[in-house]
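Every chain is numbered from 1, with letters handed out A, B, ... down the list of sequences.
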There are 2 protein chains.
Amino acid sequence: MTGLVPSRHHDIADDLRQQIRTGRVQLGERLPSEAVLAERYAVSTVTLRHALAVLQGEGLVEKIHGKGNFVRRPLRRITYRGGGAMPDVHTPADVALSVTIRTAKIRARGHLAALMNVPARSPLTEFVCLSRDGGSPHSLARIYVPRDLAPASVPEESSSYVGVVANLAEMRPPLADVREKVSVRLPTQEEAAVLRIGSAWAVLAITRVMSDAAGRVVEAALLVFPGDHAEAVFTTHHQFDQRGTEE
Amino acid sequence: MTGLVPSRHHDIADDLRQQIRTGRVQLGERLPSEAVLAERYAVSTVTLRHALAVLQGEGLVEKIHGKGNFVRRPLRRITYRGGGAMPDVHTPADVALSVTIRTAKIRARGHLAALMNVPARSPLTEFVCLSRDGGSPHSLARIYVPRDLAPASVPEESSSYVGVVANLAEMRPPLADVREKVSVRLPTQEEAAVLRIGSAWAVLAITRVMSDAAGRVVEAALLVFPGDHAEAVFTTHHQFDQRGTEE
DNA sequence: GAGTGGTCTAGACCACGAG
DNA sequence: TCGTGGTCTAGACCACTCA
């Protein structure tokens, strides 16, 4: 909206961005304090913070209250593949992802019951999976399956995301339909805290519902990825000639 | 990050949000000026602007420099359906969408050439479509097709998005593959201006590449939707029993 | 020119983190 | 306790819109 009028905080953001990209500020390192930077650039702290907010929005800087501003290690790009036949994330190197899983036995209600097309109070098992790429949070998945389709035990911590997903898939009848809804929204406070992102920065949220040939929902998953380095790919193959309704 | 400490600008945002939602401030109307509101809430203009920024991020308020802050009419939710067999947007009432189309004959280069898998300088036709829902911008689509597959003429303005897409589809050989990449990013300055959204608010960007049975790319589309009221739905049907690689 | 939002200042005080 | 970021003030001046 402001258009092409250069503003001081943009200049500063550009300068800091350059220093980060050229490696003059080391990855993972702390930037000088805001007070120091404000003096260095001869601006007020408010303006300097505005500049840092720009970089935070770009995912280059992580602010930690009471500690400082840190240059964020550029995270591996996350590619989610749609279609449901494969693990959620399978970039070539995603074996390096570690996962923390919290399991709970819950009962369906409200939105979740509707999503899974089961009566309220149906027994479900909930898996909350936080995957990490090295030290950095990577993605958050909340997976719900009918209790009778859940593995009896799931390791609390696993070094392989693929293994976990395979574990779930074993119990599952063959899939017939996968419906994935992709949306953009601001993270909840919890999500922002867990993923270590600013609460003003959007996430890529995917709601995935899988059902078997009988139409029974065998899994519902609420997946959340930091928006600045995630993407979802969907591939559709049209196996028949295009005559009328085929999809 | 700040956590549970209530802050003045959040309180104000909450109050204004309530007034908007309960209709005490009319849709499309201008809010009192920032100076007036700042006095009313007994805060500085900076703090008041911070509160408005929250509402702007939620898509409730649209700021227009020199004019005022306006309560944004809640836009119809945009649902993009993946798979490529259908028009981009087909909520029941999307016949109400109007579209402005700018057509240009261009030549492939760089990223676009790679995307369409054609040599640089291949002749393409570009369609830039801005669709509007009533008065509000709704989505921006940049569609590229090989020159020989482009309709000779496209109406500059059309009242029906569906008609336009059908127009394009007529020229097309049967589709074999559709690949859609969904990502979240900040809008470019141009996109922010055209879609009338703040440049700090993320958009849902879809890159769609369609190819025919021979593997030729017959269309590449760069679609941009305001992130706060758009979603994309992908449905996969598994027609065979699940044995090995079938995706 | 009058009224609006956009940017900025030079402080102040509060909340968090680590020793 | 000290250094950090988080919020806020009471102005100032500039840029945009419209009569």
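- Of all the residues in residues 40-54 of chain A, A:Ala42, A:Val43, A:Ser44, A:Thr45, A:Val46, A:Thr47 reach under 4.0 Å from DNA chain C with at least one non-hydrogen atom.
- Residues satisfying the side-chain contact (heavy atoms from CB on, under 4.5 Å) criterion with A:Gln19, sequence neighbours excluded, are A:Asp15, A:Arg24, A:Val25, A:Tyr41.
- When rounded to the nearest whole Å, the span between CZ of B:Arg8 and P of C:dA15 equals 16 Å.
- Between B:Glu126 and B:Arg142 no salt bridge is recorded (no basic side-chain N to carboxylate O distance below 4.0 Å).
- Within a 6.0 Å radius of CZ in A:Arg107, more than 12 heavy atoms belonging to other residues, nucleotides or ligands are found.
- Of the candidates D:dC8, C:dG5, C:dC8, D:dC8 carries the atom nearest the B:His9 side chain, counting heavy atoms from C-beta on.
- In terms of heavy-atom proximity, B:Ile78 sits nearest to B:Pro226 at CD1-CD, 4.3 Å.
- Atom NE2 in B:His65 sits about 9 Å away from atom P in C:dG5, given to the nearest Å.
- Side-chain contact of A:His10 with A:Ser7: a donor-acceptor pair under 3.5 Å is present, judged by distance alone.
- Distance B:Glu39 CD to D:dA10 P: 12 Å, rounded to the nearest Å.
- Atom NE2 in B:His10 sits roughly 14 Å away from atom C1' in D:dC8 (whole-Å rounding).
- The pair A:Asp228-A:Arg77 does not meet the salt-bridge criterion, since no charged nitrogen lies less than 4.0 angstrom from a carboxylate oxygen.
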Show, in sequence, the C-alpha distance, side-chain angles and deciding distance for B:Phe127 and B:Val145, and conclude whether the side chain to side chain contact (heavy atoms under 4.5 Å, CB included) test is met.
CA-CA 9 Å; B:Phe127 303 93; B:Val145 298; 3.8 Å; yes
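- Proximity of residues 28-38 of chain A to DNA chain C (heavy atom under 4.0 angstrom from any strand atom) is not detected for any residue.
- A donor and an acceptor atom, one from each side chain of A:His138 and A:Ser131, are located under 3.5 Å apart.
- Computed from coordinates, the A:Ile64 CD1 to C:dA15 C1' distance equals 15 Å when rounded to whole Å.
- Using a 4.0 Å cut-off, no side-chain N or O of B:Lys67 falls inside it from OP1 or OP2 of D:dC16.
- For D:dG5, one of the phosphate oxygens OP1 or OP2 lies less than 4.0 angstrom from a side-chain nitrogen or oxygen of A:Asn69.
- B:Phe70 places none of its side-chain heavy atoms less than 4.5 Å from the side chain of B:Val61.
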